[in-house]
Peer 1: 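Here it is: the structure, laid out below.
Convention: sequence-line order gives letters A, B, ...; per-chain numbering from 1. Everything numeric here is computed off the predicted structure, so don't read it as measured data.
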Amino acid sequence: MPELPEVETVRRGIEPLIVDQVIERVICRVPKLRWALDPDLNERLSGQKIQSVGRRAKYLLVRLEEGFLIIHLGMSGILSVVDAEMRPVKHDHVDIVLSNGYCLRLNDTRRFGAVLYSDGDVNKNPLLLLLGPEPLSHDFNVSYLEQRAKNCKSPVKNFLMNQKVVVGVGNIYASEVLFRCGIHPEKPINEIPRTQLGKLVVEIKTVLQEAIDQGGTTIKDFQNAEGKPGYFKQQLRVYGRDGEPCVSCYNEIRKIKLGGRSTFYCLECQK
DNA sequence: CTCTACCCCTGTCTGC
DNA sequence: TGCAGACAGGGGTAGA
């Protein structure tokens, strides 16, 4: 479900509602999500005051007095802050119960998400250690991309979705970025000239920022902390539009598989 | 080292 | 109406 803009939208939604609250207890209703849930999670978190809610890539980082809570939403995760007395529904797997009577609740149909405790330096956690730069930071620039692209011949779309290259770009935004750049998704990354790489950098930043500004993209079931959808779907130019006319040249949008993922592009505009 | 195929899981939609 | 199969916004891992 969520790529960077959706995770950032969730972060902004929950942070003001849970910061400065003390965790009373943790309720886990399934033994595992992506990984087995830490049986000591309740013990580790109880009594701790929430300091801040950050984000690295598609991971939410809840800073505690001692350590961090790392939350990933996988494909179908929904985080919301609800009355702790509200009866859990199907797939409500984890509750972080707060002292003010509310709780941070994770619903995750497919259970590809994760809730992990990390002590010490969260950036040294194996999940975060090898991640590429944040796309909206200055570290993500054309010189960096050129360096990474040099000896790599994978299709540009796979390259952009590789979280070791740059984080946060998922299946929807990868197709959208490539359309805006006029680059065919199967083009080997090492054959793309520097000027085009520069365009990729700019469009990645632009698309992700625009999507954040619109509260993310809701295709099917993404919702923010208040249960509302994102509005960037209206701005999608190729994703999910196979068979429809290109917004620019009116030729048909095509759908192919790349790395097992659906990929959308305009045969005419993207070479 | 890089890159693909497969796997985790449930729900929904399509075609027979 | 039932059923099998494909597919869905992510990403770790085994093996080539």
Side-chain angles (χ1 to χ4, degrees), chain A residues 1-10 29-37 55-60 70-79 89-94 106-116 125-132 135 147-178 185-190 204 207-208 211-212 214-224 229-243 255-264:
Chain A
M1 174 222 312
E3 303 181 37
L4 186 147
E6 291 72 44
V7 178
E8 179 60 21
T9 298
V10 169
R29 302 188 184 85
V30 287
K32 72 182 280 273
L33 295 171
R34 173 88 218 235
W35 295 286
L37 285 159
R55 179 189 57 73
R56 173 77 174 103
K58 300 172 191 170
Y59 295 92
L60 288 165
I70 302 176
I71 301 176
H72 196 287
L73 301 176
M75 290 278 260
S76 56
I78 294 170
L79 265 185
V89 298
K90 198 170 188 182
H91 306 305
D92 278 345
H93 301 312
V94 178
L106 176 67
N107 182 289
D108 186 3
T109 306
R110 295 179 70 182
R111 283 185 260 142
F112 290 166
V115 177
L116 302 164
N125 185 286
L127 289 174
L128 307 188
L129 195 59
L130 299 176
L131 292 174
Q147 185 63 30
R148 293 301 304 257
K150 205 162 47 180
N151 295 314
C152 177
K153 43 189 192 242
S154 70
V156 55
K157 180 179 178 252
N158 301 27
F159 179 78
L160 295 182
M161 288 178 66
N162 181 349
Q163 304 297 299
K164 289 176 185 162
V165 172
V166 59
V167 301
V169 180
N171 203 38
I172 295 179
Y173 299 113
S175 281
E176 292 301 309
V177 163
L178 290 168
E186 288 179 297
K187 181 105 172 163
I189 185 67
N190 61 357
I204 286 171
V207 169
L208 294 179
I212 291 171
Q214 305 259 333
T217 300
T218 297
I219 297 294
K220 187 166 162 280
D221 53 16
F222 168 71
Q223 49 182 264
N224 64 21
Y231 298 106
F232 193 72
K233 184 171 191 287
Q234 296 155 295
Q235 313 303 326
L236 298 181
R237 300 181 192 172
V238 287
Y239 186 87
R241 295 192 65 243
D242 54 309
K255 176 180 176 178
I256 56 171
K257 283 264 184 240
L258 258 188
R261 314 292 297 274
S262 289
T263 304
F264 302 85

Peer 1: If you measure from OH on A:Tyr173 to CD on A:Glu6, what distance do you get to the nearest 0.5 Å?
Peer 2: 3.5 Å
Peer 1: With P as the reference atom in both, quote the distance from C:dT13 to B:dC9 in angstrom, rounded to an integer.
Peer 2: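 Nearest-Å result for C:dT13 against B:dC9 at atom P: 15 Å.
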Peer 1: Which class fits the ring pair A:His72 and A:Tyr59: parallel under 30°, tilted 30 to 60°, perpendicular over 60°?
Peer 2: perpendicular
Peer 1: From CZ of A:Arg34 over to C1' of C:dG12, roughly how many Å is that when rounded to an integer?
Peer 2: 5 Å
Peer 1: With respect to the phosphate group of C:dG10, does any side-chain polar atom (N or O) of A:His72 fall under 4.0 Å of OP1 or OP2?
Peer 2: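 No, because none of the side-chain N or O atoms of A:His72 sits under 4.0 Å from OP1 or OP2 of C:dG10.
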Peer 1: Report the nucleotide, chosen from B:dG11, C:dA8, B:dT4, that has the shortest atom-to-atom distance to any side-chain atom of A:Met75.
Peer 2: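 Output: C:dA8.
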Peer 1: Is the distance from OP1 or OP2 of B:dG11 to the nearest side-chain N or O of A:His91 less than 4.0 Å?
Peer 2: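 For B:dG11, OP1/OP2 do have a side-chain N/O of A:His91 under 4.0 Å.
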Peer 1: Distance check: side-chain N/O of A:Asn158 vs OP1/OP2 of B:dT4, anything under 4.0 Å?
Peer 2: yes
Peer 1: Report yes if some heavy atom in the side chain of A:Leu37 is under 4.5 Å from a heavy atom in the side chain of A:Lys32; otherwise report no.
Peer 2: no
Peer 1: Ignoring backbone atoms, establish whether A:Arg261 has a side-chain N or O less than 4.0 Å from OP1 or OP2 of C:dG9.
Peer 2: yes
Peer 1: Dot-bracket notation for DNA chain B is requested: 5' to 3', Watson-Crick or G-U wobble pairs only, both distances under 3.5 Å, with ( ), [ ], | and . as defined.
Peer 2: .|||||||.|||||||
Peer 1: Base, sugar-phosphate or nothing for A:Lys220? Non-hydrogen atoms, less than 4.0 Å.
Peer 2: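 If one applies the 4.0 Å heavy-atom cut-off, A:Lys220 turns out to touch a base.
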Peer 1: Please classify the nucleic acid contact of A:Asn151 as base, sugar-phosphate, or nothing, using heavy-atom distances under 4.0 Å.
Peer 2: nothing
Peer 1: Indicate yes or no for a side-chain donor-acceptor contact from A:Asn171 to the backbone of A:Ser262 under 3.5 Å, with no hydrogens or angles considered.
Peer 2: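 Side chain of A:Asn171 to backbone of A:Ser262, a donor-acceptor pair under 3.5 Å: yes, one is there.
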Peer 1: Where the side chain of A:Asn171 is defined as all heavy atoms beyond and including C-beta, which of B:dC8, C:dG11, C:dG9 is the nearest nucleotide?
Peer 2: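 Among B:dC8, C:dG11, C:dG9, the one nearest the side chain of A:Asn171 is C:dG9.
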Peer 1: Taking the side chain of A:Pro155 as its heavy atoms from C-beta onward, which of B:dT10, C:dG9, B:dT4 lies nearest to it?
Peer 2: B:dT4
Peer 1: Counting the atoms with a prime plus P, OP1 and OP2 as sugar-phosphate, which does A:Lys164 contact under 4.0 Å by heavy atoms, base, sugar-phosphate, or nothing?
Peer 2: nothing
Peer 1: Is it the case that B:dC9 (base atoms only) and A:Arg111 (side chain only) share a donor and an acceptor within less than 3.5 Å, ignoring hydrogens and angles?
Peer 2: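 Flag unset: no donor-acceptor pair detected.
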Peer 1: Between A:Phe112 and C:dG10, do the rings stack, that is, sit under 5.5 Å apart with planes less than 30° off each other?
Peer 2: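 It does: the ring sits over the base of C:dG10.
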Peer 1: Contact class for A:Leu33 vs. all strands (heavy atom < 4.0 Å): base, sugar-phosphate, or nothing?
Peer 2: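 It contacts nothing in the nucleic acid.
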Peer 1: Side-chain donor-acceptor pair under 3.5 Å between A:Asn107 and A:Lys90, yes or no?
Peer 2: no
Peer 1: Rounded to the Å, how far apart are A:Gln223 CD and C:dG9 P?
Peer 2: 18 Å
Peer 1: Return the nearest nucleotide to the side chain of A:Arg110; candidates are C:dG9, B:dC3, C:dA8.
Peer 2: C:dA8
Peer 1: Out of B:dC3, C:dG10, B:dC8, which has the shortest distance to the side chain of A:Lys32?
Peer 2: B:dC8
Peer 1: Between C1' on C:dG9 and NZ on A:Lys257, what's the gap in Å once rounded to a whole number?
Peer 2: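 Whole-Å distance recorded here is 13 Å.
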Peer 1: Name the residue closer to the 5' end of DNA chain B, choosing between A:Asn162 and A:Lys90 according to the nucleotide with the nearest heavy atom.
Peer 2: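 Going by which nucleotide is closer to the 5' end, it is A:Asn162.
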Peer 1: How long is the span from the CG atom in A:Asp242 to the OG1 atom in A:Thr263, to the nearest 0.5 Å?
Peer 2: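 One gets 11.0 Å once the value is rounded to the nearest 0.5 Å.
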Peer 1: What are the two closest heavy atoms between A:Ile212 and A:Thr9, and how far apart are they?
Peer 2: O-OG1, 4.3 Å
Peer 1: What integer number of Å spans the C1' atoms of C:dA6 and B:dC6?
Peer 2: 16 Å
Peer 1: Write down the atom of A:Ser76, the atom of A:Asp108, and the distance for their closest heavy-atom approach.
Peer 2: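 Shortest heavy-atom separation between A:Ser76 and A:Asp108 comes out as OG-OD1, 2.5 Å.
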Peer 1: Using a heavy-atom cut-off of under 4.0 Å over every strand shown, decide if A:Phe232 touches base, sugar-phosphate, or nothing.
Peer 2: nothing
